[in-house]
Amino acid sequence: MAGGLERVYGTEEDKVNCSFYIKIGACRYENKCQRIHSIPPISQTILFKHMYQNSPIEVAIASGNAVSQAGIEEALEKFENFYEDVFLKLAEFGEIEDLIVCENIGDHLVGNVYVKYTSEYYAEGCFNALQNLSYENKPLQMEYSPVLDFSSAKCKQYIDGTCQRGGACNYLHLKKISTKFKKSLFNQMYEEHPDYREKKEKEINEKSPKKHKKKEKKSKKKKSSSSRESSRRNSIERQKMINDWNETGIQNVSQAQKMMYGNNMPAPVYTPKVSMRTSPELLQLQLQLAALKEQLAAIKMS
């Protein structure tokens with residue numbers, strides 16, 4: 001009996017516990033869900049609800065809309081500043097294993113930030129230290145999360161560029177961060193808190209003393225803010241991300257149209273090209289023109 005309950009726990013067969021909450025740490029039904037949301041008394045992972053404030057440009061990106069290069073540059077700069085600020089602050093309480101920020105725009109996921117520490121001890125220290133505090137004049141909403149494996153919480157279709165639900169998806173769509181920039185933050189964490197690395201090396205040596213010999217401590221100079229800036233996306237990386245975002249949006253629209261119309265695909269709909277020099281007034285006229293062309297296409301089909 002006990003083995004059977006353990007087998008179905010957290011799956012769709014579990015009629016008691018909410019499988020979405022166990023996988024994602026959030027459920028679209030929230031307090032109205034008919035299944036139990038069991039918040040763990042302690043965990044390596046802490047969820048900061050709605051901590052990140054999306055700009056209108058970021059909402060447009062999450063919705064799969066084409067955005068100008070200038071707009072994406074602005075959004076990336078805003079997000080990287082936030083990520084650096086929060087990462088280094090949370091690293092003061094313990095060694096971080098990962099920090100992720102949701103791109104979803106659903107009410108239960110929008111702006112959610114998850115930090116996973118390497119131990120529950122670190123997470124507890126962070127949780128207790130940040131009680132009743134605010135970030136950018138907004139009180140922190142914290143809770144321990146059951147999510148320990150982000151791979152099962154991520155949307156596989158979003159990773160493949162095929163998710164048709166966009167920002168409304170109930171699986172995690174993570175905001176993109178430069179691998180190089182993220183690595184530089186981890187390096188800075190270990191430089192500012194060398195005891196984290198020493199503890200990790202000690203644990204590795206205890207597990208495999210023959211394969212992992214303890215390395216001699218080497219003093220390293222602290223990286224300046226300018227070196228961290230250089231770790232952010234360069235112009236080529238940013239342009240690739242812009243192209244990826246716009247291409248993914250086009251593919252998602254095309255796939256959705258094929259599912260709706262089958263072989264009776266309507267004529268392609270005009271989408272305004274937004275340049276860095278496009279004024280808001282001109283953009284509004286372009287969008288109105290696009291809407292009129294969509295209506296004409298729909299009338300012809302009927």
Side-chain angles (χ1 to χ4, degrees), residues 21 24-28 30-31 37 39-62 71-148 150 153 167 172-178 181-190 192-193 196 225 228-229 231-233:
Y21 179 77
I24 314 298
C27 167
R28 61 176 173 165
E30 299 184 301
N31 296 332
H37 293 179
I39 300 175
I42 193 167
S43 171
Q44 288 176 242
T45 305
I46 300 174
L47 165 62
F48 295 86
K49 292 183 176 180
H50 318 306
M51 183 181 183
Y52 183 73
Q53 300 298 303
N54 286 292
S55 65
I57 292 173
E58 290 170 297
V59 174
I61 292 171
I72 290 184
E73 289 278 352
E74 179 185 335
L76 292 177
E77 184 69 20
K78 174 179 176 291
F79 174 61
E80 286 178 343
N81 287 337
F82 169 87
Y83 194 92
E84 179 179 8
D85 184 34
V86 172
F87 185 99
L88 296 178
K89 180 61 180 178
L90 295 178
E92 294 178 5
F93 305 106
E95 183 184 6
I96 293 175
E97 185 172 314
D98 202 1
L99 175 69
I100 63 172
V101 182
C102 293
E103 191 171 66
N104 309 66
I105 54 177
D107 290 342
H108 60 301
L109 290 174
V110 61
N112 283 2
V113 177
Y114 296 78
V115 60
K116 182 182 179 184
Y117 286 97
T118 55
S119 74
E120 293 179 351
Y121 173 79
Y122 290 142
E124 184 178 24
C126 172
F127 193 87
N128 292 335
L130 298 183
Q131 288 292 327
N132 303 317
L133 296 183
S134 301
Y135 184 82
E136 294 186 347
N137 300 319
K138 186 178 179 181
L140 293 175
Q141 300 179 59
M142 297 186 298
E143 65 179 43
Y144 288 118
S145 173
V147 183
L148 297 177
F150 291 127
L172 301 188
H173 289 194
L174 307 188
K175 283 186 172 291
K176 298 176 178 66
I177 188 81
S178 163
F181 178 52
K182 190 172 182 179
K183 186 177 180 180
S184 74
L185 293 177
F186 272 93
N187 288 338
Q188 184 177 346
M189 175 182 71
Y190 287 124
E192 294 181 355
H193 309 280
Y196 298 167
S225 59
R228 291 199 303 275
E229 286 293 333
S231 298
R232 299 190 180 192
R233 298 180 184 90

Tell me, do [X] and [Y] make a side-chain contact under 4.5 Å, heavy atoms counted?
X: F87; Y: Q188; value: no
X: M142; Y: Q131; value: yes
X: H193; Y: E95; value: no
X: L109; Y: H173; value: no

Can you tell me how far the [atom1] atom of [X] sits from the [atom2] atom of [Y], to the nearest 0.5 Å?
X: E30; Y: H108; atom1: CD; atom2: NE2; result: 7.5 Å
X: I57; Y: I72; atom1: CD1; atom2: CD1; result: 9.0 Å
X: I177; Y: L185; atom1: CD1; atom2: CG; result: 7.0 Å
X: I46; Y: F93; atom1: CD1; atom2: CZ; result: 9.0 Å
X: S145; Y: K49; atom1: OG; atom2: NZ; result: 10.0 Å
X: I24; Y: F150; atom1: CD1; atom2: CZ; result: 10.5 Å

**Message:** Suppose we call two aromatic rings close when their centres sit under 6.0 Å apart. Are Y83 and Y52 close by that rule?
**Reply:** no
**Asked** Taking the six-membered ring where the residue is Trp, are the ring centres of F82 and Y135 under 6.0 Å apart?
**Response** yes
Mark yes or no for whether [X], through its side chain, and [Y], through its backbone, hold a donor-acceptor pair below 3.5 Å.
X: E77; Y: E74; answer: no
X: K138; Y: H50; answer: yes
X: Q44; Y: Y117; answer: yes

Where do [X] and [Y] come nearest, in terms of heavy atoms and distance?
X: G111; Y: N54; answer: N-ND2, 4.1 Å
X: I96; Y: A91; answer: CD1-N, 3.7 Å
X: K176; Y: F79; answer: O-CE2, 3.6 Å
X: L47; Y: G25; answer: CD2-O, 3.6 Å
X: I100; Y: D98; answer: CG2-OD2, 3.8 Å
X: I42; Y: E120; answer: CG2-OE1, 3.7 Å

**Complete:** Residues passing the side chain to side chain contact (heavy atoms under 4.5 Å, CB included) test with S43, sequence neighbours excluded, are P40, T45, Y144, L148
**Message:** My understanding is that only residues two or more places apart in sequence, or in another chain, count here; which of them pass side chain to side chain donor-acceptor pair (under 3.5 Å) with K89?
**Reply:** E92
**Sequence-distant partners of E124, side chain to side chain donor-acceptor pair (under 3.5 Å), two or more places apart** = none
**Message:** Classify the ring geometry of Y190 against F186: parallel below 30°, tilted from 30° to 60°, perpendicular beyond 60°.
**Reply:** tilted
**Asked** More than 12 non-hydrogen atoms from neighbouring residues, nucleotides or ligands closer than 6.0 Å to CG on D107, yes or no?
**Response** no
**Prompt:** Just wondering, are more than 12 heavy atoms of other shown residues or ligands nearer than 6.0 Å to NZ in K78?
**Reply:** yes
**Item:** side chain to side chain contact (heavy atoms under 4.5 Å, CB included) partner of F48, the single match among L90, N112, V86
**Value:** L90
